[in-house]
Amino acid sequence: MEKVYIKQILEEPKIDSDIVVRGWVRTKRQSKNVTFINISDGTTIHTIQAVVEADTVSEEILSKINTGACIEVYGKLIASQGNQKVEVKVEKINVLGEADPEKYPIQPKKHSFEFLREKAHLRPRTNTFGAIFRIRHALSFAIHNYFNDHGFFYLHTPIITGSDAEGAGEMFKVTTLDLKNPPKTENGEIDFKEDFFGKETNLTVSGQLEGELGALALSKIYTFGPTFRAENSNTSRHLAEFWMIEPEMAFYDLVDNMDLAEDFIKYLVKYALENCADDLWFLDARFSDEEKQKPMAERSEMGLIDKLKFVTENDFQRLTYTEAVEILKNAKKKFQFPVDWGTDLQSEHERFLVEKHFKKPVILTHYPKEIKAFYMKEAEDGKTVKAMDVLFPGIGEIIGGSQREDDYEKLKNRAAQVGIEEESIWWYLETRQFGSCPHAGFGLGFERLVLFVTGMGNIRDVIPFPRAPKSADF
RNA sequence: GCUUCCUUAGCUCAGCAGGUUAGAGCAACUGACUGUUAAUCAGUAGGUCCCUGGUUCGAGCCCAGGAGGGAGCGCCA
């Protein structure tokens, strides 16, 4: 028999029908003649209220119904006399799983996110995390929807990679060698020929290079999978394991790339607004409460939902790195770090451009080639590359992308300049020898998107089980 | 990796100038209550003051080292 969940019961209430509700107890309110139990099954932010008249359920069972317990309620769906439209008039309750109220850590009160991070196994049962993970799902789904509708193919790039040339950061080693007693070469170095793959392997830091191989065959591809960085990054915007979306498109130049990035993000935010209204409403209220705690100067001028609508309704500001440097040099604000053409912009500079100067998402292009990756297409001026960074308020860089260098000689020279051995990326270089073409792509940090859409402050709270330096529980 | 702040009851936090038996709110428990909305009211119980060492007649408070956490920076997505 098909099970019915709370979301469906509340959306299409069949008054006077017999129903079974299963879920976890949020609160129980008891008085002499009647007991009220609020139940959540996580299918929606809303709970359903079960009403137990005196003597319908034994004291023994009632005493086991505490916050956190899992119960199965048989009864009739009736119109409610209280604040909600409908409620369940209880006939029978089975306790499926008890939760000792002396020990169950999630109480019907506000908890700090720091505390809940230590209870990552139970935090999905809270309103906030339920909402976040439902939105996370919706956004994932929307990503596949968007690309499928636009003729992209989902390409599965490897998680274990034999290449260490992606240049995106420190990598986690993958090995089956005995770490206490590894085989050694004559020089005394570890002999990776003896390792599982017969060479040194790592967890991927980016699917881009393999993604390009796909684009140069299928025209438009995207990847969406986990990515690993062993950087010792201790911030609220970095994870050691995160999910990245990386589209790569043949015959796209930098402008096409920007157009796609902007349209894509707007679609995703709009999808959340249209499909996660209840959860966003809840998070909007949470966001406002949070903002009220902050000093006036730091408060967001807009509510969460207003912020999201603003992004969908306004064009992103596009400008070159050189133009940005000019704006920053002429700004009245004193920066901690000086602005100079040729050095990378600091967080404070990016924040100024996005949050103070333009007050909307910004796409910066044409960075000096020295501060960008080897695979980016050199611009006509010979000094900059056709790179683009999409900067978001409160998040910073949410997308990094570029038109890719499609000229074999130039690409080979750039790789050599930054010390990448030709043999390690021979397969990548070969695509420029055989049927090369202009192409472009970008990487979108999924958790950074979820951070923006949910209005949360720390990236560790938008992934169910965060991986960060010194932190890999659960 | 760097800078800075924090660690006291299950949770959120207070605590003086270094001075006896360490406090509050919420949660829990017991009871009361004719339908509650994180119910209300009354009561009960709950502590390795993060760890180790030091200074002192005396340390939750001062000093040193360590562990864990937050915020910011760098690296990036």
Side-chain angles (χ1 to χ4, degrees), chain A residues 25-38 40 46-54 63 66-68 78 80-84 87 89 99-119 126-127 166-170 205-208 226-246 261 294 298 336-337 343-351 371-373 389-392 395-401 442-452 457-463 468-471 473:
Chain A
V25 174
R26 283 293 176 75
T27 57
K28 178 175 73 168
R29 293 175 293 278
Q30 221 162 356
S31 66
K32 197 172 185 180
N33 297 324
V34 63
T35 298
F36 302 96
I37 304 162
N38 277 84
S40 163
H46 302 294
T47 56
I48 196 162
Q49 174 166 280
V51 184
V52 187
E53 304 278 358
S63 72
N66 301 109
T67 300
I78 58 168
S80 174
Q81 304 169 32
N83 296 343
Q84 51 281 315
E87 62 191 20
K89 186 174 157 60
D100 183 344
E102 301 270 12
K103 293 181 185 147
Y104 185 63
I106 311 293
Q107 301 160 359
K109 58 165 283 190
K110 251 207 172 82
H111 291 290
S112 68
F113 292 128
E114 290 85 353
F115 172 72
L116 290 171
R117 245 167 256 157
E118 291 168 7
K119 312 285 175 204
T126 64
N127 279 331
E166 287 146 354
E170 288 294 311
V205 292
S206 164
Q208 181 200 314
T227 308
F228 308 87
R229 305 259 167 106
E231 302 285 347
N232 190 11
S233 296
N234 293 288
T235 82
S236 51
R237 301 183 308 280
H238 290 85
L239 290 164
E241 177 181 302
F242 64 100
W243 287 65
M244 189 152 64
I245 301 112
E246 294 177 292
K294 293 184 185 169
E298 289 169 33
Q336 199 187 333
F337 294 90
T343 61
D344 211 352
L345 299 180
Q346 305 283 318
S347 291
E348 58 170 343
H349 304 140
E350 295 180 349
R351 267 211 311 275
I371 60 172
K372 284 292 180 183
D389 281 2
V390 180
L391 309 176
F392 258 51
I395 311 282
E397 187 177 344
I398 196 167
I399 282 182
F442 62 81
L444 168 71
F446 183 54
E447 281 74 19
R448 290 192 179 169
L449 175 76
V450 181
L451 206 51
F452 180 74
N458 191 314
I459 201 161
R460 297 176 192 200
D461 296 329
V462 298
I463 186 167
K470 299 279 181 309
S471 165
D473 288 332

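Residue numbers start from 1 in every chain, and the chains themselves are labelled A, B, ... in the order their sequence lines are given, proteins ahead of strands. Values in this document were obtained by computation on a predicted structure and should not be read as measured data.
Between A:N66 and B:C29, a side-chain N or O to OP1/OP2 separation shorter than 4.0 Å is present. At least one side-chain nitrogen or oxygen of A:Q346 sits closer than 4.0 Å to the OP1 or OP2 atom of B:G74.
If you find the closest nucleotide of RNA chain B to A:P105 and to A:N232, the one lying nearer the 5' end belongs to A:N232. Taking for each of A:Y104 and A:S471 the nucleotide of RNA chain B with the nearest heavy atom, the 5'-most of the two is the partner of A:Y104.
Expressed to the nearest 0.5 Å, how far OG of A:S471 lies from CZ of A:R117 amounts to 9.0 Å. Within the model, atoms CZ of A:F452 and CD1 of A:I395 stand 7.0 Å from one another, a figure rounded to the nearest 0.5 Å. To the nearest 0.5 angstrom, A:E447 atom CD is 4.0 Å from A:I463 atom CD1. Taken from CG in A:D389 to CG in A:D344, the straight-line distance is 8.0 Å, to the nearest 0.5 Å.
The separation between A:F452 atom CZ and B:A77 atom C1' is 16 Å, rounded to whole Å. Per the geometry, CD belonging to A:E118 stands 17 Å off P belonging to B:A67, to the nearest Å. Separating the CD atom of A:Q107 from the C1' atom of B:G46 is a distance of 13 Å, rounded to the nearest angstrom. Rounded to whole Å, atom C1' of B:G10 lies 11 Å from atom CD1 of A:I106. Rounded to whole angstrom, the span from the CG atom of A:L345 across to the P atom of B:G74 amounts to 11 Å. A straight line from CG of A:D100 to P of B:A27 spans 17 Å, rounded to a whole angstrom. In this structure, the CZ atom of A:F113 is 17 Å from the P atom of B:C11, given to the nearest Å. Look at CD on A:E447: it is 14 Å from P on B:A77, rounded to the nearest Å.
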For a quick test of your reading: what N or O donor-acceptor pairs under 3.5 Å do the side chains of residues 237-244 of chain A make, sequence neighbours left out?
unit_1, atom_1, unit_2, atom_2, d
A:H238, ND1, A:T235, OG1, 2.7
A:H238, NE2, A:R448, NH2, 3.4

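Annotation: side chain of A:V51 is not in contact with side chain of A:K89 (no heavy-atom distance under 4.5 Å). Proximity of A:K28 to A:V52: side-chain heavy atoms (C-beta onward) are nowhere separated by under 4.5 Å. The shortest side-chain heavy-atom distance between A:N127 and A:R26 falls under the 4.5 Å cut-off. A heavy-atom distance below 4.5 Å is found between the side chains of A:L444 and A:I398.
Comparing the P positions of B:G69 and B:A64 gives an interatomic distance of 23 Å, to the nearest angstrom. Comparing the same atom, C1', in B:A24 and in B:G68 gives a spacing of 26 Å after rounding to whole Å. Spacing of P atoms, B:U7 relative to B:G15, comes out at 10 Å, to the nearest Å. B:C62 and B:C16: their P atoms are spaced 11 Å apart (whole Å). Here, B:A59 and B:G54 have their C1' atoms 11 Å apart, quoted to the whole Å. Nucleotides B:C26 and B:G43 have their P atoms positioned 12 Å apart, rounded to a whole Å. Comparing the same atom, C1', in B:A45 and in B:C63 gives a spacing of 38 Å after rounding to whole Å. B:U55 and B:A9 are spaced 28 Å apart, taking the P atom of each and rounding to whole Å.
Residues forming a salt bridge (Lys or Arg N to Asp or Glu O under 4.0 Å) with A:D473 (at least two apart in sequence, or on another chain): none.
Taking only distance into account, the side chain of A:H238 meets the base of B:C76 through a donor-acceptor pair shorter than 3.5 Å. For A:S233 against B:C76, no side-chain N or O and base N or O form a donor-acceptor pair under 3.5 Å.
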Expected rows: protein N/O vs nucleotides 3-7 of chain B N/O, under 3.5 Å:
none

Provide a list of protein-nucleic acid N or O atom pairs under 3.5 angstrom, restricted to nucleotides 70-72 of chain B.
unit_1, atom_1, unit_2, atom_2, d
B:G70, OP1, A:R117, NH1, 2.8
B:A71, OP1, A:N458, ND2, 3.1
B:A71, OP2, A:N458, ND2, 3.2
B:G72, OP2, A:S236, OG, 3.1

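Here the side chain of A:R229 pairs a donor or acceptor atom with the backbone of A:V205 at under 3.5 angstrom. Looking at A:Q84, its side chain never comes within 3.5 Å of a backbone N or O of A:Q49 through a donor-acceptor pair.
Among the heavy atoms of the strands, none lies under 4.0 Å from A:I395. Note on A:P101: only backbone sugar-phosphate atoms sit closer than 4.0 angstrom, heavy atoms only; bases stay farther off.
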Nucleotide by nucleotide, nucleotides 33-40 of chain B touches protein heavy atoms under 4.0 Å in the pattern (B base, S sugar-phosphate only, - none) BSBBBBB-

For this session: Start with the C-alpha distance between A:N33 and A:E53, add both sets of side-chain angles, then the distance that settles side chain to side chain contact (heavy atoms under 4.5 Å, CB included), and finish with yes or no.
Result: CA-CA 6 Å; A:N33 297 324; A:E53 304 278 358; 5.8 Å; no

message = Before you tell me yes or no, could you show the steps for A:L116 and A:I106 under side chain to side chain contact (heavy atoms under 4.5 Å, CB included), namely the whole-Å CA-CA distance, both residues' side-chain angles and the distance that decides it to 0.1 Å?
response = CA-CA 8 Å; A:L116 290 171; A:I106 311 293; 3.6 Å; yes

Just do the side chain to side chain contact (heavy atoms under 4.5 Å, CB included) check on A:N38 and A:R29 with the steps written out, would you? CA-CA 9 Å; A:N38 277 84; A:R29 293 175 293 278; 2.7 Å; yes

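RNA chain B contains the following stems of three or more consecutive Watson-Crick or G-U pairs, with both distances under 3.5 Å: B:1-7 with B:67-73, B:10-13 with B:23-26, B:28-32 with B:40-44, B:50-54 with B:62-66.
Taking every heavy atom of both residues into account, A:S236 and A:G457 meet most closely at CB-O, 3.7 Å.
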